[in-house]
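Structure first, then comments.
Quick note: numbers below take in every heavy atom, side chains included, and nothing from hydrogens, waters or symmetry partners.
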Amino acid sequence: MITTIVLRGAAVGSLFAIIAMSFNIVHNATGILNFAQGTIFLLGAFGAFLFANRAGFAVWIPMLVVVSLVIGLFTAAQGWLTLKPLRSSVEQNSWIISTVSVSVIIAAVLTLNFGVFGNMVHGPVPRVSIMGVRTPGAFLLAIGSMFAWYFILRWFLRRTFQGLAISALSQDFEAARAAGLDVRKLQLLAFGISGVIAGSVGFMVAPMISVSPDAGLRYVLNGFVAAVVGGIGNNTGTLIGGPLVGIVAAVTAFYIGGAYQDLASLLVLVLILMFLPQGLFGRAAARKV
């Protein structure tokens, strides 16, 4: 039984880690957090429900690519609308309202078109046996996607010009602009990448979640907790923070009740902020005032 709980918690926690990674790349490039990431993740799941439900790999893989790219373009457009009123993206707090508003609007549109109840998706990946436990293949996809996106982002941020430029933005916006970097284009690229990450994983793991319009809040909340636990901006920390939050939620749901799992995640957040405000892998930074 404990094996099932831990495996399920680690799989769901992997989704939180992936959303935390999508938070991080936008935060590093802009200094803001895109609170629409939870509903953008759901857009990928609804894409699987519409275009690849019960489909074989011959249809599933091309649709995964198409849906991910479309969601990436949509997220870049959302980033343009979010950043347009801001000169350097960190001077005002209007981005909080705009990103939350986008999340609410997406959820409302999904509710109008699909209703309030959850929809089930049947994917092409069969169940597998792990330590004698029959496990949905989507669980392994979730865990594998977490590591895959971690290494892809690590390579992108360290080995490509655009990735190095985005890393430079995380250090100093004005210095990057003075060096000739097109700051706004790099920021929109970061938004687009975050959309591809969230959308692609939402598509792949649709069979293991309830594809309902109101689920975005849970994913963005726990993704934020995972990002804070690992250290905002630090993708390595999300590999620990995401599964940790997922396992805590799974254990809480089993022993206390599902209604308390998000409360347990918030308790983890409070404890981390009390004792390690910068997160497990974050760094304290000096600030001029």
Using atom types as modelled, flag every donor-acceptor pair under 3.5 Å from a side chain in residues 100-107 to any protein atom, sequence neighbours excluded.
residue: S101; atom: OG; partner: I97; partner atom: O; Å: 2.6

Side chains of residues 139-153: which donor-acceptor partners sit under 3.5 Å, not counting sequence neighbours?
residue: S145; atom: OG; partner: L141; partner atom: O; Å: 2.6
residue: W149; atom: NE1; partner: S200; partner atom: OG; Å: 3.4
residue: Y150; atom: OH; partner: R154; partner atom: NH1; Å: 3.2
residue: Y150; atom: OH; partner: T236; partner atom: OG1; Å: 2.9

Under 3.5 Å, which donor-acceptor pairs link side chains of residues 55-77 to any protein atom two or more places apart or in another chain?
residue: S68; atom: OG; partner: L64; partner atom: O; Å: 2.6
residue: T75; atom: OG1; partner: I71; partner atom: O; Å: 2.7

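For Q37 against S22, the heavy-atom pair with the smallest separation is NE2-OG, 3.1 Å. A pairwise comparison of heavy atoms in A20 and G223 identifies CB-O, 3.5 Å as the closest pair. Nearest heavy atoms, M204 versus A138: O-CB, 4.4 Å. Scanning all heavy atoms of the two residues, the minimum distance from A190 to V26 falls at O-CG2, 3.9 Å. The nearest pair of heavy atoms linking S212 to L42 is O-CD1, 3.3 Å. Nearest heavy atom pair, residue I25 against residue S194, reads CG2-CB, 3.9 Å.
Atom-to-atom distance recorded for L269:CG and S265:OG is 9.0 Å, nearest 0.5 angstrom. We find the OG-CZ distance between S210 and R218 to be 10.5 Å, quoted to the nearest 0.5 Å. The OG1 atom of T252 sits 11.5 Å away from the CD1 atom of I247 when rounded to the nearest 0.5 Å. Distance check: W80 CH2 to K185 NZ gives 14.5 Å after rounding to the nearest 0.5 Å. Interatomic distance, OG of S98 versus CD of Q78, reported as 7.0 Å (0.5 Å rounding). The OG1 atom of T82 sits 11.0 Å away from the CD atom of Q187 when rounded to the nearest 0.5 Å.
Note: Y219 and F16 have tilted aromatic rings, judged against thresholds of 30 and 60 degrees for the angle between ring planes. By the 30° and 60° cut-offs, the orientation of the rings of F114 relative to F46 is tilted.
Of the possible polar contacts, none joining the N28 side chain to the S170 backbone as a donor-acceptor pair under 3.5 Å is found. Checked by atom type and distance alone, the side chain of N113 pairs as donor or acceptor with a backbone atom of V109 at under 3.5 Å. Counting only distance, with no hydrogens or angles, the side chain of N53 and the backbone of V121 share no donor-acceptor pair below 3.5 Å.
Hydrophobic cluster membership is shared by I32 and L81, with clusters built from Ile, Leu, Val, Met, Phe, Trp and Tyr side chains linked at under 4.5 angstrom. In the hydrophobic clustering of this structure, I209 does not group with M120; members are Ile, Leu, Val, Met, Phe, Trp, Tyr whose side-chain heavy atoms approach within less than 4.5 Å, directly or through other members. F117 and L112 sit in two unconnected hydrophobic clusters of ILVMFWY residues. Membership requires side-chain heavy atoms under 4.5 Å apart, directly or through other members. Cluster membership for V270 and I232, using ILVMFWY side-chain heavy atoms within less than 4.5 angstrom, is not shared. F224 and L267 end up in different hydrophobic clusters when Ile, Leu, Val, Met, Phe, Trp and Tyr side chains are linked at under 4.5 Å.
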Next item on the list: Could you please spell out the steps behind the side-chain contact (heavy atoms from CB on, under 4.5 Å) verdict for F41 and V205?
Entry: CA-CA 10 Å; F41 168 81; V205 303; 3.8 Å; yes

Checklist line | Residues N34, W95; criterion side-chain contact (heavy atoms from CB on, under 4.5 Å); working and verdict | finding: CA-CA 8 Å; N34 183 13; W95 56 268; over 6 Å; no

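Contact of the T39 side chain with the V220 side chain is not registered, since no non-hydrogen atoms from C-beta on lie closer than 4.5 Å. Using a 4.5 Å heavy-atom cutoff, the side chains of L83 and T30 are in contact. In this structure, the side chains of I240 and V229 stay at 4.5 Å or more apart for every pair of heavy atoms. Side-chain contact between V116 and D214 is absent, with no heavy atoms from C-beta onward closer than 4.5 Å. No side-chain heavy atom of T99 sits under 4.5 Å from any side-chain heavy atom of L33. The side-chain heavy atoms of T238 and I19, taken from C-beta on, include no pair separated by under 4.5 Å. With a 4.5 Å cut-off on side-chain heavy atoms, Q162 and F156 count as touching.
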